[in-house]
Amino acid sequence: MSIDLATPALATDKIVVRRAGRLLLDRASLALAPGRVTAVIGPNGAGKSTLLKALAGEFAPDGG
C-alpha cells in the first residue's frame with residue numbers, strides 16, 4: 001500500500017474562530033499528511049486546542 005504524501009489527510013485554510021466576542025483564531029491554516037505524526041506546539045493561549053476543536057467539529061468556524 002502506498003500513501004500519497006502530496007494529498008493532505010486533513011486540511012484547513014484560513015480558519016477563523018470567534019467566541020463571546022473574542023477572536024480566538026485568525027486565518028490559521030494546517031495540512032496534515034497521511035502516515036505522519038504531527039505535533040501542534042506553542043505557548044499557552046496560542047489557539048492550539050481551539051484549532052483542534054474546530055477540526056474535530058466541536059466549534060463551528062466563523063470563516064475559512
Side-chain angles (χ1 to χ4, degrees):
M1 178 175 131
S2 67
I3 297 175
D4 182 8
L5 295 178
T7 303
L10 181 64
T12 185
D13 189 36
K14 299 178 185 166
I15 191 169
V16 175
V17 175
R18 288 183 180 87
R19 290 291 173 264
R22 294 181 55 210
L23 182 62
L24 302 180
L25 287 178
D26 186 18
R27 297 173 301 195
S29 298
L30 177 72
L32 302 175
R36 300 283 192 124
V37 174
T38 302
V40 179
I41 61 171
N44 291 346
K48 302 174 299 289
S49 295
T50 301
L51 175 62
L52 295 176
K53 287 178 181 181
L55 291 173
E58 279 189 52
F59 289 161
D62 296 299

Note: A9 and P34 closest approach over all heavy atoms is N-CD, 3.8 Å

Using 0.5 Å steps for rounding, measure from the CG atom of L30 to the CG atom of L10.
6.5 Å

Just verifying a value: how many Å separate L51 CG and T12 OG1, rounded to the nearest 0.5 Å?
7.0 Å

List the atom of G47, the atom of L25, and the distance in Å for their closest heavy-atom pair.
O-CD2, 3.7 Å

Between atom NZ of K14 and atom CG of D26, what is the distance when rounded to the nearest 0.5 Å?
11.5 Å

In terms of hydrophobic clusters joined by side-chain contacts under 4.5 Å, are L32 and F59 together?
yes

At what distance, to the nearest 0.5 angstrom, does OG1 of T50 lie from CG of L23?
10.5 Å

Are D62 and R19 side-chain neighbours, meaning at least one heavy-atom pair lies under 4.5 Å?
yes

V16 and R27, any side-chain heavy atoms less than 4.5 Å apart
yes

